[in-house]
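Notes follow once the structure below has been shown.
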Amino acid sequence: MYDYLIVGAGLFGSVFAQIMNEHGKRCLVIEKRGHPGGNIYSKEEDSIKIHCYGAHIFHTDREEVWRYVNRFTAFNHYRNSPLACCKGTLYNLPFNMNTFNKLWNVNTPGEARRKIREQCDKYKHITNPSNLEEQALTLCGDDIYYLFIKEYTEKQWGRPANELPASVIKRIPLRFTYDNNYFDDPFQGIPLHGYNALINNLLKGIEVRTETDYFHARNYFNSLARKTLFTGCIDTYFECRLGKLAWRSLAFEHIRLTDTDNYQGNAVVNYNDRETPYTRIIEHKHFEFGKQPFTIITKEYPVAHTSSEEPFYPVNDEKNTQRANAYKELAAAYPETLFGGRLGQYAYLDMDDTIAAAISLAEKEL
Ligand code: FAD
Ligand code: UDP
């Protein structure tokens with residue numbers, strides 16, 4: 001008999017299992033994929049670690065999360081400074097003085113602020129933005145919105161920007177310094193020996209069964225443990241009885257290039273125009289300052305979520321948010337099952353949010 005059955009060996013399940021195991025609880029982790037790690041898993045090919053499920057850059061402003069994660073891995077000094085390729089021209093992200101300088105030929109923060117203010121003025125009648133388009137236009141005006149945001153966003157989400165929640169765009173910072181560091185957080189980097197090492201260290205000494213789907217024998221698995229932590233999709237746990245939750249998915253095209261050792265000179269380049277079918281190209285070696293004589297890139301294509309695709313981004317519109325809340329209310333009636341993680345909470349959680357939430361759930365249990 002186990003104390004906890006943990007469904008899903010992603011970051012949430014692994015952190016929860018680590019803490020419970022440390023406190024003497026017996027845990028069994030089951031994972032339907034052929035490997036642990038969930039979406040942070042990477043596959044090593046000739047010493048280049050390929051972020052198989054999208055680029056992952058660790059960043060946090062939470063000291064307790066940084067302290068916790070550093071018990072299991074050290075980090076390198078990678079800082080994310082993505083580029084945006086708009087109709088053949090490259091601009092720096094996040095939107096900062098380098099971007100404004102290239103876009104408008106302005107040199108000072110005063111000039112840039114004035115330019116943005118002028119452009120936003122037209123939208124000052126929108127006092128309470130009701131969708132992403134209104135939110136973006138009131139924050140940064142026409143030039144930035146139409147060049148960098150509208151087409152990228154519609155490609156990413158497969159829907160018109162004026163039908164998307166304003167909250168999606170709140171994450172894009174405007175910065176009036178010549179600083180290309182995407183994240184404001186004081187703690188950043190890529191695990192020195194990769195994300196797999198982090199996960200393996202978290203799961204050390206814990207029984208993990210991969211290629212094991214909870215739904216293939218849920219009664220049997222439930223009978224093995226006193227309590228269950230479920231980190232899969234919350235709607236599937238309840239057999240979608242309140243309707244399906246919508247997700248956006250991604251398709252990845254990994255390409256090994258032997259005719260160059262440096263394809264794009266940067267780890268992340270976004271493609272912001274509608275005509276390019278992918279949203280970004282990742283060149284993995286740059287996350288680790290790799291010196292290999294070849295390179296591996298990944299093109300990331302946004303796609304609709306079907307039963308054969310992985311669910312990646314929750315579609316947090318009103319209908320789906322309400323539905324997710326209804327599932328959470330239903331879950332409260334099953335105290336022997338805990339729900340957590342991106343899929344279990346139907347929430348956009350960065351890795352540090354995921355770790356913080358798993359620590360907090362574990363502490364509640366102890
Ligand atoms: P998952 O990693 O999805 O793990 C859940 C696991 O449960 C999966 O392995 C799944 O196979 C398993 N599972 C599901 N159902 C079952 C079942 N029935 N039986 C058995 N197992 C099951 N965060 C950052 O901080 N920085 C970034 O740069 C960043 N980039 C991202 C890029 C993309 C494209 C995406 C999608 C996310 C990104 N994130 C990033 C977020 C990060 O991936 C998450 O915070 C984290 O991986 C969530 O972990 P999780 O355990 O909740 O979910
Ligand atoms: N976004 C955009 N242009 C960009 C980058 C991002 O319009 O060049 C928008 C887009 O709507 C996206 C959101 O900002 O869904 C969040 O992007 P981010 O890269 O922070 O998130 P990720 O896709 O990596 O989770």
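Just follow the structure's listing: the first ligand is 1, and inside any ligand the first atom is 1.
Classification of D273 and K155 as a salt-bridged pair fails, no side-chain N sitting under 4.0 Å from a carboxylate O. Ion pairing between a basic and an acidic side chain is recognised when a charged N comes within 4.0 Å of a carboxylate O; E154 and R274 show such pairing. Checked for salt-bridge contact, D179 and R175 meet the test: a charged N lies under 4.0 Å from a carboxylate O. Contact check on D143 versus K115 returns no salt bridge, with no Lys/Arg side-chain nitrogen under 4.0 Å from an Asp/Glu carboxylate oxygen. Salt bridge D353/R342: absent, no basic N to carboxylate O contact under 4.0 Å. Using a cut-off of 4.0 Å between Lys/Arg side-chain N and Asp/Glu carboxylate O, E288 and K49 are scored as salt-bridged. Using a 4.0 Å cut-off between charged nitrogen and carboxylate oxygen, E336 and K227 do not count as a salt-bridge pair. A salt bridge does not link K204 with E22: every distance from a Lys NZ or Arg NE/NH1/NH2 to an Asp or Glu carboxylate oxygen is 4.0 Å or more.
Not a single N or O atom of Y152, backbone or side chain, sits closer than 3.5 Å to an N or O atom of ligand 2. The distance criterion of under 3.5 Å between nitrogen or oxygen atoms is not met by F230 with respect to ligand 1.
Atom 47 (O) of ligand 1 has its nearest heavy-atom neighbour, among I40, I6, D350, in I40. The closest non-hydrogen atom to atom 41 (C) of ligand 1, taken over T354, I355, L349, comes from L349. Nearest-heavy-atom check against atom 15 (O) of ligand 2 across F183, Y145, W157, F148 picks out W157. Of the listed options D185, L11, T231, T231 places a heavy atom closest to atom 5 (C) of ligand 1. Comparing heavy-atom distances from atom 11 (O) of ligand 2 across T279, V268, T153 singles out T153 as nearest. Closest to atom 20 (C) of ligand 1 by heavy atom, among K32, R248, H216, is K32.
Not a single heavy atom of R248 sits closer than 4.0 Å to an atom of ligand 2. Remark: distances from the non-hydrogen atoms of F58 to ligand 1 are all 4.0 Å or more. Distances shorter than 4.0 angstrom occur between a heavy atom of Y313 and an atom of ligand 1. Residue contact check for ligand 1: Y53 places a non-hydrogen atom closer than 4.0 Å to it. Heavy-atom distances between T212 and ligand 1 reach below 4.0 Å in at least one pair.
Remark: ligand 1 atoms within the under-4.0 Å shell around heavy atoms of E31 are 6 (C), 7 (O), 8 (C), 9 (O), 10 (C), 11 (O), 12 (C), 20 (C), 21 (N). Near D213, meaning under 4.0 Å from any of its heavy atoms, are these atoms of ligand 1: 17 (C), 18 (N), 19 (N).
In A55, the part holding a heavy atom less than 4.0 Å from any atom of ligand 1 is the backbone.
F100 does not carry R113 over the face of its six-membered ring by the limits of under 6.0 Å from the centre and within 45° of the normal.
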